[in-house]
Amino acid sequence: MFDSSSIIVGLEIGTSKVCAVVGELSDEGALNIIGIGQAPSRGVRKGEIVDAPAAEETIREAIVQAEAMADVEIRSVYLGVTGGHLRGFTNHGVHPVVSADREITQDDVDDVVKNAKSVNLPAENSIIHAIRQHFVVDGQTGVTNPVGMLGARLEVDVHVVHGNTNRIHNAVRAVKGLQLEVEAVVYNGLAASLAVLTNEQKETGALVIDLGGGTTDYVVYMDGIIKHTGTLAVGGDHVSNDLAFGLKVPLGRAEALKIEHGTAIFDAAVRGEMITFKSASTGFDRSVCKEHLQLIMAARLEETFQLIAEDIERAGLLNYLGAGVFLCGGGARIPRVADLAGQAFGLPITLGRTNCINGIKAALDHPEFATAIGLVRFGSFQQRKPRAGHPLAQTVKNTLGSLFRRG
Amino acid sequence: MNTDQTSSLSIRFLGVGNAGAAMLDRLLARSLPGIGSAVIDTDEASLAACAAAEKVCLEARTFRGLGTGGDPERGRELAEEQFGRLKSLCEGAQVVFLFAGLGGGVGSGAAPVVARAAKECGALVLGFVALPFDFEGARRMRQAERAHDALREFADGVVGWPNQKVFKLVDESTTVADTLRLANERMADGVCGLWRLLTQRGLMDVQFTDLCAVLRNAHQDAFFAAVEAAGSSRAAVAAEMLLAHPLLEGGAALAGTSAVLVGISAGANLTMAEVGRVMEAVNSRCGEAQVFVGAAEDATLGDRLHITLVGARPGAAAVEPLEAPKLRRGRPAPGELESEIEPEFLEKRATPRPRSRYVAPRPDMSPDQVEELARRQASGNLRGRKTNAKMRQGQLPLEIVSKGRFDKSEPTIRDGQDLDVPTFVRRNMVFN
């Protein structure tokens with residue numbers, strides 16, 4: 001049995017599956033994945049819990065599986081959240097340096113960050129992350145650590161991710177109902193990006209798209225910091241739903257057809273080809289047109305990428321993604337999805353592989369585990385530097401406190 | 001450019017009935033300058049409690065002071081009896097804001113009469129009406145709908161406030177008094193915002209006619225919301241609050257809207273970028289809707305930024321001209337019927353209806369049956385189908401697209417589109 005303090009568990013309550021990943025932080029600070037548990041999700045729609053008892057049941061299954069594999073008792077988790085209610089925006093803070101010698105101190109930094117964090121949110125919302133970006137000292141941009149510099153005016157941007165308190169609470173309550181503690185609530189897109197990007201890619205500029213079952217989360221890094229985040233409450237479920245409607249087949253069958261015959265780009269060679277299957281209800285053979293299946297699917301995926309591209313273009317970041325686009329989540333497994341994304345973004349596309357983590361290699365290769373592994377990584381930052389000034393770690397400690405205060 | 005350039009528009013607030021008096025009271029508590037006010041009711045106690053400058057008791061001679069008993073017809077009769085007095089209330093007013101709760105006796109019966117009186121005095125009339133809670137029953141709702149229709153005939157615009165929506169603003173522990181106060185408070189916020197826009201010459205002016213243009217033909221589905229924010233990123237926050245407003249159904253209401261009026265007010269530090277940011281958020285949700293923007297400076301707001309949004313969805317009244325008064329009210333002479341119905345149903349639509357995605361399959365018929373059908377069509381002797389124009393049925397412009405598993409979930413609206421509707425449907429992709 002390991003000491004519980006070195007065990008970090010990431011829990012992602014997804015629309016299609018619940019996934020718990022157990023990581024172990026060695027004394028040297030290396031992260032090792034030692035267990036994974038997953039269960040098909042129930043009671044979750046568009047990334048949010050709609051049936052708490054059913055969701056709790058699947059969380060329990062995933063946790064039990066992860067505990068058995070890692071041979072540990074899980075007591076607390078880092079919980080991933082997503083949903084259409086999440087929003088991200090960047091806020092600016094300004095602070096005049098008043099000391100006689102004009103040297104910027106840690107207090108000045110704390111003050112300017114505090115200013116930038118004081119945002120007016122709708123009453124029912126809470127901040128999940130307030131991620132510090134670069135400082136500006138007297139107009140000099142791109143300062144990463146202004147302490148010790150001379151200046152009269154200190155500015156900073158903070159990227160704030162916030163969401164509906166009650167809806168976030170629903171996920172937290174489901175976990176707490178299983179007698180598990182929630183160490184922190186983490187935005188899924190952020191977690192996925194932590195799992196797949198190297199520091200160099202973050203510096204060069206990268207977009208990470210987590211194509212989930214119910215939502216698509218995306219995060220843009222530039223110069224090593226998070227510049228933009230977004231959540232689209234559209235995912236693999238929408239593809240299946242479109243197919244069910246367009247091909248006039250039950251939802252379960254649409255799901256199966258998507259997995260078996262789906263592709264992200266329409267292939268003209270399949271014109272006239274039919275897919276035959278036995279109808280579960282009547283027992284008779286039915287057939288659907290493969291061309292239609294591919295066209296319906298391609299239309300949805302193309303639109304999803306287009307919406308993301310438009311959003312990033314609006315934020316003025318599309319031309320700064322030097323390292324390209326990284327796809328993860330279950331949707332990254334769709335054949336030719338990288339080609340489609342390439343057409344939409346005009347950038348190099350990479351299928352996200354989790355890196356910088358050792359352990360069960362087979363698991364690390366699956367793009368759908370990126371978020372849960374990222375959650376473990378997020379937790380490891382916190383445990384390594386509990387009081388240090390890491391911009392992410394700093395934001396964690398108050399997340400839950402603020403959530404519960406509001407509730 | 002600012003508050004001291006307040007227009008000389010003469011505005012009068014009239015509250016009709018109990019609910020109208022309560023709404024009026026909320027507004028008068030805000031001491032808006034240059035407003036004339038009056039309350040009209042049958043209940044002496046309610047009149048005495050109201051702070052309005054003038055009070056008209058729809059006297060009790062007809063019903064011996066027993067009120068209307070929830071009967072709109074009685075309310076109407078009482079108001080007609082005092083029509084001259086009502087007209088005198090409206091004399092000299094250029095704009096009349098009329099407040100009433102519909103569904104009961106006085107509000108439903110008297111409000112349309114008051115609107116007519118104001119109209120005859122040459123005022124523009126804007127009605128703000130509260131519609132009953134669902135639990136008040138179908139009868140009351142029907143009465144409210146009828147009164148709403150009657151009011152529309154005389155008012156230039158009617159904004160309906162479904163009381164039911166107030167549930168989205170309160171939690172289970174909120175008392176009845178607090179709930180009603182909150183509903184009135186929200187309505188007062190919106191009215192104040194509109195008043196500010198209409199009366200204060202702003203950086204970007206909004207005229208009363210713009211407001212009427214938004215509301216025209218869409219009274220049934222008019223909605224409005226008002227939000228306020230302060231701080232360095234107040235525009236972004238206010239826009240966010242606006243889109244999350246329960247009365248806009250989380251921004252979804254904007255998706256189907258035909259026209260929107262947005263008024264932005266703040267102190268002297270209102271920037272163009274802030275107006276731009278708010279409008280960007282609104283525009284991203286309303287698709288092709290006609291958008292009117294007003295921006296005004298109001299020193300009393302201090303650091304706060306106030307947004308008022310009025311929108312309208314083309315309701316049934318706008319899509320289908322069902323008024324057809326000739327058909328409903330008088331019985332036409334035999335022989336005239338066809339000439340009246342024909343243009344009604346065969347009239348070309350102003351905007352062509354999109355082609356239906358559903359193409360009925362060819363009926364499975366034997367060659368003999370086909371021949372028989374063709375023969376009967378040629379002879380005009382089609383069994384079972386009456387060719388009488390009376391029975392001709394108009395085609396409803398309905399197109400039902402199932403959202404499948406997302407039917408019951410919160411819609412995902414982006415750039416004015418409901419993303420839960422299959423992409424290929426929205427893109428009108430046709431499969432062979």
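All values derive from a computational prediction rather than experimental measurement. Residue numbering restarts at 1 for every chain, and letters A, B, ... go by the order of the sequence lines.
A salt bridge links A:Glu302 with B:Arg427: at least one charged nitrogen is closer than 4.0 Å to a carboxylate oxygen. Classification of A:Arg167 and B:Glu410 as a salt-bridged pair holds, one side-chain N sitting under 4.0 Å from a carboxylate O. Salt bridge absent: B:Arg426 and A:Asp242 never bring a charged side-chain N and a carboxylate O closer than 4.0 Å.
Inter-residue side-chain proximity for A:Val234 and B:Thr412 is flagged as met; some heavy-atom pair is nearer than 4.5 Å. Taking the side chain as every heavy atom from C-beta outward, A:His292 and B:Met429 never approach each other to under 4.5 Å.
Shown here for A:Phe245 and B:Pro422, the closest heavy-atom pair between the two residues is CD2-CG, 3.7 Å.
Remark: A:His238 NE2 to B:Leu419 CG distance equals 7.0 Å, nearest 0.5 Å. To the nearest 0.5 Å, atoms CZ (B:Arg414) and CG (A:Leu232) are separated by 5.0 Å. Atom NZ of A:Lys46 is separated from atom CZ of B:Phe406 by 6.0 Å, given to the nearest 0.5 angstrom. Distance check: A:Gln306 CD to B:Thr423 OG1 gives 9.5 Å after rounding to the nearest 0.5 Å. Here CZ of A:Arg314 is found 7.0 Å from OG of B:Ser284. Values are rounded to the nearest 0.5 Å.
Ranked by non-hydrogen atom pairs under 4.5 Å with chain A, the options B:Ala230, B:Ala236, B:Ala238 are led by B:Ala230. Contact tally against chain A (heavy-atom pairs below 4.5 Å) for B:Glu240, B:Met241, B:Arg234: the top residue is B:Glu240.
Neither the backbone nor the side chain of A:Ala244 comes within contact range of chain B; no heavy atom of the residue lies under 4.5 Å from a heavy atom of that chain. Looking at A:Leu295, both its backbone and its side chain come within 4.5 Å of chain B, counting heavy atoms on both sides. Residue contact with chain B, scored on non-hydrogen atoms closer than 4.5 Å, is absent for A:Thr215. For A:Asp237, the parts lying near chain B are the backbone and the side chain together; criterion is any non-hydrogen pair under 4.5 Å.
With hydrogens and angles left out, the side-chain atoms of A:Arg45 and B:Ser409 include no donor and acceptor closer than 3.5 Å.
Within 6.0 Å of CD in A:Glu313 there are 12 or fewer heavy atoms belonging to other residues, nucleotides or ligands. By the 6.0 Å contact criterion, CZ on A:Arg153 is open, its count of non-hydrogen atoms from other residues, nucleotides or ligands being 12 or less. Around CZ of A:Arg286, the count of heavy atoms belonging to other residues, nucleotides or ligands within 6.0 Å exceeds 12.
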